[in-house]
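Working notes for the structure below.
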Amino acid sequence: MAVVQRRIGAIFGLFFFLLLLAVGRTLYLGVLHSGTLRKAASNQQLTYESVTAQRGAITDRNAVDLAVSEPARDISADPYLVADPLAAARRLAPLLGLPQSRVLAKLSQRTGFVYLARALPFHQADAVMALKLPGISGTPVMRRVYPRGTLAAQVLGVVGTEGKGLAGLEYAHDKLLAGHSGERRVVSDAIGQPVSITETSSVTPGTSLSLTLDANIQQRTEEVLGAAGRVFNAKDATAIVMDPRSGAILAAANWPQVNANNPVSSSPEDMQDRAVGFAYEPGSTFKAVTVAGALQEGLITPNSGFNVPDQIHVADRTIHDDTEHGEETLSTSEILARSSNVGAIEIGQLEGAKRFNAWVHRFGFGARTGIELAGEETGLALPLSRYSGSSMGNLPIGQGELVTPIQMATAYAAIANGGILPRPHIISAVSGRRQPQPAGHRIISTSTAAALRQMLEGVLASGGTASEVSIPGYQLAGKTGTASKIDPETGEYSKTAYIASFIGFAPARDPKLLCAVVVDEPQSGSIFGGKVAAPAFGQIMRFALPYTGVAPG
């Protein structure tokens, strides 16, 4: 009996000791650390989440969606709450579209929070949440989608995982497009599942943008540009289609193409919008500016005759025409049609450095055009103080200064538009409200512009540098350009790297559409603007003119 009583006493003593431990632990947690624990519980069970606003849509001139936002979820995990990371990874991986090993690595991290996927499409996210895995959460967000994939990708730009525009229109007009985020209060249970969600501040949707772009013209321009880039094995290329009367951009294409839905698959260089960001020496397309100034000053007429030798000496430089020839008499019109370097320099010398420089800046070179696109470069138009003795031997023929494709297109738009330099624009409406059309300003007279248009017809006529390009029923006008690039290693003009370009409009006497094509470093077949860029111009305009209802003429 004594043994039994001792055992009962021992058991009673053990239970009494455990009871004292429990009471002590309760006092320790409930009194001394109650505040800290309540705060920890609150932090685990009560959170405030930002609710991303729906980003404004971007559409073309015909309301075709180019960039839209759709519901999605950020999928996250608290690895501490995931009981079996391997089993969870096995179930999650196919739904997330990720390797199982990558999901397992995330779920095995020593942290209370890790993203498994950002902006996962809603149907995929619903499948993930339907698993009801402890520790797996989904936060509603908006996902940016580009329905046409590669179409105008460099113009549209991209949006980052935090919902901020990173390039293109998405970056340039991020404040308009983004709207204002809201906030919600989320109460979760012990395993991280939300049990109560309350909106604490409302969301303001972003503003929509309607562009002047036409998706069909953009598509055709990109197709033609891509074909030219591949055929001539070019480094890159860009093309612009514009209404010269208003400055509205109907297409702004770049090659190589990029997929806006997967921008990380392309290089940063390919993401550049070269229409506004590519600075290059224009070559012979600039001769129209040289001639325009001399015409407006009354120094020449389209029929003025010049004695044009094979080469000309300016200070310490000797400049040649592209092909050898004896001294011949050429009119101003023939100098443009044949793209004579010597003839253009003679015209520039009639103007003199001061007047020539003034015309360069009057046509808008050396300054941004003001188009609503990100990354527009100013180019480089030398101030008169930096002219050297040989400057008037290279500047009149488009060497020694840098321009952008949009600057060149706008300068030619002034010729097409009766002498008024338009301000190019690509946004037509904001939240459905039509934007005022930017006003242009006159830089040359209507008669000078008309004379230039007629002379530029000769470039595509027999004997011109683009004589092989024609569109039945339409009279075309324009100018070819072939310019050597500077070799960055030697600082001299390269003998293998060139820019081939063409800028033109139609119908020549009453232009309704203008197209500029610039091909960077063609390597196969030809390097000349008349062979590389002019045919692309012809193919683009062959589609765009009847498509936009421009009558033959």
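Computed from a prediction, not measured in an experiment: that's the story for all the values here.
Looking only at side-chain heavy atoms (C-beta outward), Met142 and Pro71 come within less than 4.5 Å of each other. At least one side-chain heavy atom of Leu107 sits less than 4.5 Å from a side-chain heavy atom of Leu92. A heavy-atom distance below 4.5 Å is found between the side chains of Asp236 and Pro256. Residues Lys512 and Thr548 have side chains not in contact (no heavy-atom distance under 4.5 Å, counting atoms from C-beta outward). Side-chain contact between Pro424 and Met242 is present, with at least one heavy-atom pair separated by less than 4.5 Å. Thr111 places a side-chain heavy atom less than 4.5 Å from the side chain of Pro79. Contact annotation: the side chain of Ser526 approaches that of Phe232 to within less than 4.5 Å [non-hydrogen atoms, C-beta and beyond]. Contact annotation: the side chain of Leu156 approaches that of Ile58 to within less than 4.5 Å [non-hydrogen atoms, C-beta and beyond].
Between the side chain of Asn62 and the backbone N or O of Val64, no donor-acceptor pair lies under 3.5 Å. With hydrogens and angles ignored, the 3.5 Å screen pairs no side-chain donor or acceptor of Glu521 with any backbone N or O of Lys235. No side-chain donor-acceptor contact under 3.5 Å links His425 to the backbone of Leu211. A donor-acceptor distance shorter than 3.5 angstrom exists from the side chain of Ser246 to the backbone of Ala248, with no hydrogens or angles considered. Side-chain atoms of Thr482 come within 3.5 Å of backbone atoms of Gly529 as a donor-acceptor pair (strictly under, hydrogens ignored). Listed for the Arg423 side chain is a donor-acceptor partner under 3.5 Å among the backbone atoms of Gly370. In terms of modelled atom types and a separation under 3.5 Å, the side chain of Ser494 and the main chain of Lys485 share no donor-acceptor contact. For Glu401 (side chain) and Leu382 (main-chain N/O), a donor-acceptor pair under 3.5 Å exists by modelled atom type. Side chain of Arg73 to main chain of Gly138: a donor-acceptor pair is present (N/O by atom type, distance under 3.5 Å, no hydrogens or angles).
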**OP:** Walk me through it: do Val159 and Lys164 pass the test side-chain contact (heavy atoms from CB on, under 4.5 Å)?
**Re:** CA-CA 5 Å; Val159 175; Lys164 297 292 185 182; 5.8 Å; no
Original post:
Stepwise, does the salt bridge (Lys or Arg N to Asp or Glu O under 4.0 Å) test hold for Arg148 with Asp65?
Top reply: CA-CA 8 Å; Arg148 300 294 291 268; Asp65 285 334; over 6 Å; no
**OP:** Using the side-chain contact (heavy atoms from CB on, under 4.5 Å) rule, take Lys132 and Val128 through it: C-alpha gap first, then chi angles, then the decisive distance, then the call.
**Re:** CA-CA 8 Å; Lys132 297 186 181 302; Val128 169; over 6 Å; no
**OP:** Please step through side-chain contact (heavy atoms from CB on, under 4.5 Å) for the pair Leu250 and Arg61, ending with a clear verdict.
**Re:** CA-CA 9 Å; Leu250 305 183; Arg61 66 191 300 140; 2.5 Å; yes
**OP:** Kindly determine whether Glu376 and Arg368 satisfy salt bridge (Lys or Arg N to Asp or Glu O under 4.0 Å), including the steps that lead there.
**Re:** CA-CA 7 Å; Glu376 183 180 10; Arg368 294 182 179 88; 5.4 Å; no
Subject >> Audit row: Leu513, Phe505, side-chain contact (heavy atoms from CB on, under 4.5 Å) steps and yes/no >> reply: CA-CA 6 Å; Leu513 286 181; Phe505 42 79; over 6 Å; no
**OP:** Might you work through the salt bridge (Lys or Arg N to Asp or Glu O under 4.0 Å) test for Asp174 and Arg55, ending with a clear yes or no?
**Re:** CA-CA 9 Å; Asp174 185 64; Arg55 197 171 179 85; 2.8 Å; yes
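Between atom CD of residue Gln218 and atom CG of residue Asp214 there is a gap of 9.0 Å, rounded to the nearest 0.5 Å. Once rounded to the nearest 0.5 Å, the distance linking OH of Tyr280 with CD of Glu377 reads 13.5 Å. We find the OG1-CD1 distance between Thr410 and Ile406 to be 4.5 Å, quoted to the nearest 0.5 Å. Atoms CZ and CG, on Arg102 and Leu116 in that order, are 10.0 Å from each other to the nearest 0.5 Å. Taken to the nearest 0.5 Å, the CG atom of Leu166 stands 9.0 Å off from the CE atom of Met271. Separating the CD atom in Gln100 from the CG atom in Leu96 is a distance of 11.5 Å, to the nearest 0.5 Å.
Phe537 pairs by the ring pair (Phe, Tyr, Trp, His ring centres under 6.0 Å) definition with Phe502, not counting sequence neighbours. Evaluation of the ring pair (Phe, Tyr, Trp, His ring centres under 6.0 Å) rule for Tyr146 yields no partner, not counting sequence neighbours.
Other residues, nucleotides and ligands contribute only 12 or fewer heavy atoms inside 6.0 Å of the OH atom of Tyr171.
Residues Asn233 and Ser524 come closest through the heavy atom pair CB-OG, 3.4 Å. Residue Val517 comes nearest to Ala239 through the heavy atom pair CG2-CB, 4.2 Å, listed as atom of the first residue, atom of the second, then distance. The two residues Ala411 and Phe365 have their closest heavy-atom pair at CB-CZ, 3.7 Å. Closest heavy-atom contact between Gln272 and Asn254: O-OD1, 3.8 Å. Nearest approach of Asn261 to Asn259, heavy atoms of both residues: N-OD1, 2.9 Å. Here the shortest heavy-atom pairing between Glu222 and Ala253 reads CG-CB, 3.6 Å.
In this structure, Glu170 pairs ionically with Arg144, as a charged nitrogen and a carboxylate oxygen lie closer than 4.0 Å.
Listed by first and then second residue, the ring-ring contact (aromatic ring centres under 6.0 Å, His included) pairs involving residues 109-144 are Phe113-Tyr115 (not counting sequence neighbours).
For the residue pair Asn216 / Tyr547, a side-chain donor-acceptor distance below 3.5 Å is found, with atom types taken as modelled.
Here the options are Ile499, Leu380, Ile486, the test is side chain to side chain contact (heavy atoms under 4.5 Å, CB included), and the partner is Glu281; only Ile486 passes.
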